[in-house]
Amino acid sequence: MAAGKGTEKSSVFQNERVRFIFCFLGVFVCYFYYGILQETITRGKYGEGDARETFRYATTLVFIQCIINSAFAKLLIQCFEGPRSDHTKSWLYGVCSVSYLGAMVSSNSALQYVNYPTQVLGKSCKPIPVMILGVTILRKKYPMAKYLCVLLIVSGVALFLYKPNKGAAAADDHLFGFGEVLLLLSLTLDGLTGVSQDHMRGHYQTSPNHMMLNINLWSTLWLGTAILWTGELWEFLSFADRYPSILYNILLFGLTSALGQTFIFMTVVYFGPLTCSIVTTTRKFFTILGSVLLFGNVISTMQWIGTVLVFLGLGLDAKFGKVPKKITH
């Protein structure tokens, strides 16, 4: 009888609808909580009164995140891939890790200057640098639908960033400040990372787990050297000693990041990249909504229109902007 119940439970998970709900909730819950933790850590105020401090250790935060990602990827390889060998050149991982960690550090640092909805929307524009670098470096050809979708995304971002002049009250407002520059840098580095990963997949058939493990290991090496050289590690430890509760948030931040990547991988394996793109795009939109409700980040009507245009462009790109198989080399 017990065996029958076990078989029944197994068959329930084999149901495609149940599996999709499981993957969707996994991605949504992990990254929604990840976003809340990211904003809590980087934009929170620590201490009381005039002595309140802000978190200024984005490099150390990414360093801890890379350690957790590496451990998680190693566990996934041991459990699901076994002794499969990886033929990817080690130096390729090292080069890719530079742009990978640079994008993460820039993105986390940007939160000290812009609110979370702006950061999420900026990171959602990743198809733009990926396409530009794909055309210029890899000589790829894209369908017209791809260009139209990117134009829609650019239009949405322009509307989101546009701040009409309201006179003297807007004197301190800015259109493009240091936070936006950091997001632009993060996007460019994301594009370089995408080009490097495409090269590894095309020439070495690198698995996602091996890629996650080795890029994060290299990133840990680079960041570990950097925070020791600059002394940021000791400053962070002193900060954590004053506010120990932040260690709990950082640990959860790393775990939700690693779990979220695992659910994304599961979604790609079971339902394909198109479904995964739709799931992650939906998640980002609700993350912005959650940030507005939970942290009081105000978004104007024009910014909401820009947000909708960006996610509409992302959704249409996932559906119609794929490169035809016959064009790829």
Side-chain angles (χ1 to χ4, degrees), residues 30-31 33-76 90-114 116 119 123 178-179 181-190 192-193 196 211-261:
C30 286
Y31 279 108
Y33 197 34
Y34 169 88
I36 292 173
L37 288 166
Q38 188 178 35
E39 188 157 16
T40 300
I41 294 167
T42 58
R43 292 177 65 82
K45 299 293 183 181
Y46 301 87
E48 297 178 357
D50 296 335
R52 298 180 78 187
E53 300 180 65
T54 56
F55 185 86
R56 303 184 307 275
Y57 313 103
T59 307
T60 305
L61 180 63
V62 176
F63 172 71
I64 296 171
Q65 186 179 357
C66 288
I67 292 175
I68 296 174
N69 284 345
S70 300
F72 214 82
K74 184 66 175 179
L75 181 64
L76 290 174
S90 181
W91 67 267
L92 278 174
Y93 286 128
V95 171
C96 186
S97 68
V98 173
S99 57
Y100 168 78
L101 64 88
M104 287 202 294
V105 171
S106 300
S107 178
N108 285 329
S109 298
L111 280 171
Q112 297 175 28
Y113 306 95
V114 300
Y116 192 67
Q119 193 244 31
K123 293 292 286 184
F178 189 58
V181 170
L182 287 172
L183 285 177
L184 186 61
L185 174 62
S186 178
L187 278 174
T188 304
L189 293 172
D190 268 336
L192 289 171
T193 302
S196 301
M211 195 178 291
M212 180 179 171
L213 171 64
N214 289 285
I215 289 177
N216 278 286
L217 283 176
W218 273 98
S219 298
T220 301
L221 175 63
W222 298 135
L223 290 173
T225 303
I227 61 178
L228 284 172
W229 179 264
T230 60
E232 182 179 310
L233 177 61
W234 316 120
E235 293 177 15
F236 166 76
L237 291 175
S238 176
F239 184 87
D241 184 56
R242 293 194 298 276
Y243 312 106
S245 62
I246 198 173
L247 294 175
Y248 175 74
N249 285 337
I250 290 176
L251 179 61
L252 283 179
F253 173 75
L255 288 174
T256 51
S257 171
L259 275 172
Q261 289 189 33

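What you see is a predicted model, and the numbers here were worked out from it, not measured in a lab. Nothing fancy with the numbering, it's 1 onward along the sequence.
The distance from the CG atom of L255 to the OH atom of Y33 is 10.5 Å, given to the nearest 0.5 Å. Taken to the nearest 0.5 Å, the CG atom of L217 stands 10.5 Å off from the CG atom of N69. Rounded to the nearest 0.5 angstrom, L237 CG and D241 CG are separated by 8.5 Å. Between atom CD1 of residue I250 and atom OH of residue Y57 there is a gap of 10.5 Å, rounded to the nearest 0.5 Å.
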* ring-ring contact (aromatic ring centres under 6.0 Å, His included) between Y31 and Y34, intermediate numbers included -> CA-CA 5 Å; Y31 279 108; Y34 169 88; 5.7 Å; yes

* Asked: Under the side chain to side chain contact (heavy atoms under 4.5 Å, CB included) criterion, do L223 and V105 qualify, and how do the steps go?
  -> CA-CA 10 Å; L223 290 173; V105 171; 4.3 Å; yes

* Asked: Given the rule in the side chain to side chain contact (heavy atoms under 4.5 Å, CB included) test, do V95 and W218 qualify, once you have shown the distances and angles that lead to the verdict?
  -> CA-CA 9 Å; V95 171; W218 273 98; over 6 Å; no

* To do: Decide side chain to side chain contact (heavy atoms under 4.5 Å, CB included) for M211 and Y100; before the verdict, give the C-alpha distance in whole Å, the side-chain angles of both, and the deciding distance to 0.1 Å.
  => CA-CA 11 Å; M211 195 178 291; Y100 168 78; over 6 Å; no

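Between the side chain of S196 and the backbone N or O of L192 there is at least one donor-acceptor pair closer than 3.5 Å.
By the side-chain hydrogen bond (donor to acceptor under 3.5 Å, both in side chains) test, Y93 is found to be paired with D86, T88, residues two or more places apart in sequence or in another chain being considered. Partners of E235 according to the salt bridge (Lys or Arg N to Asp or Glu O under 4.0 Å) rule, which considers only residues two or more places apart in sequence or in another chain, do not exist here. The side chain to side chain contact (heavy atoms under 4.5 Å, CB included) check on A103 picks up K123, S186, L189, D190, with sequence neighbours excluded. Looking at residues two or more places apart in sequence or on another chain, you find no side-chain hydrogen bond (donor to acceptor under 3.5 Å, both in side chains) involving S219.
Summarising the geometry of C66 relative to M104, their closest heavy-atom pair is SG-CE, 3.7 Å, with the distance given to 0.1 Å. Listed here is the closest heavy atom pair of N216 and S70: CB-OG, 3.1 Å. The shortest heavy-atom contact between M212 and A73 is CG-CB, 3.8 Å. In terms of heavy atoms, L247 sits closest to A240 at CD2-CB, 3.9 Å. For the pair T40 and I36, the tightest heavy-atom approach, listed with the atom from each and the gap, is OG1-O, 2.7 Å. Shown here for C30 and T256, the closest heavy-atom pair between the two residues is O-CB, 3.5 Å.
Counting only heavy atoms from C-beta outward, the side chains of F72 and L259 approach each other to under 4.5 Å.
Pairs of residues two or more places apart, or lying in two chains, that qualify as side-chain hydrogen bond (donor to acceptor under 3.5 Å, both in side chains) and include a residue from residues 220-229 are S97-W222. Within the structure, the side-chain hydrogen bond (donor to acceptor under 3.5 Å, both in side chains) test picks out the following pairs touching residues 102-111 (sequence neighbours left out): Q38-N108, S107-Q119.
Using a 30° and 60° split on the angle between ring planes, Y46 and F55 fall in the tilted class, from 30° to 60°.
Considering L61, V62, T60 as possible partners of I64, the one that fulfils the side chain to side chain contact (heavy atoms under 4.5 Å, CB included) test is T60.
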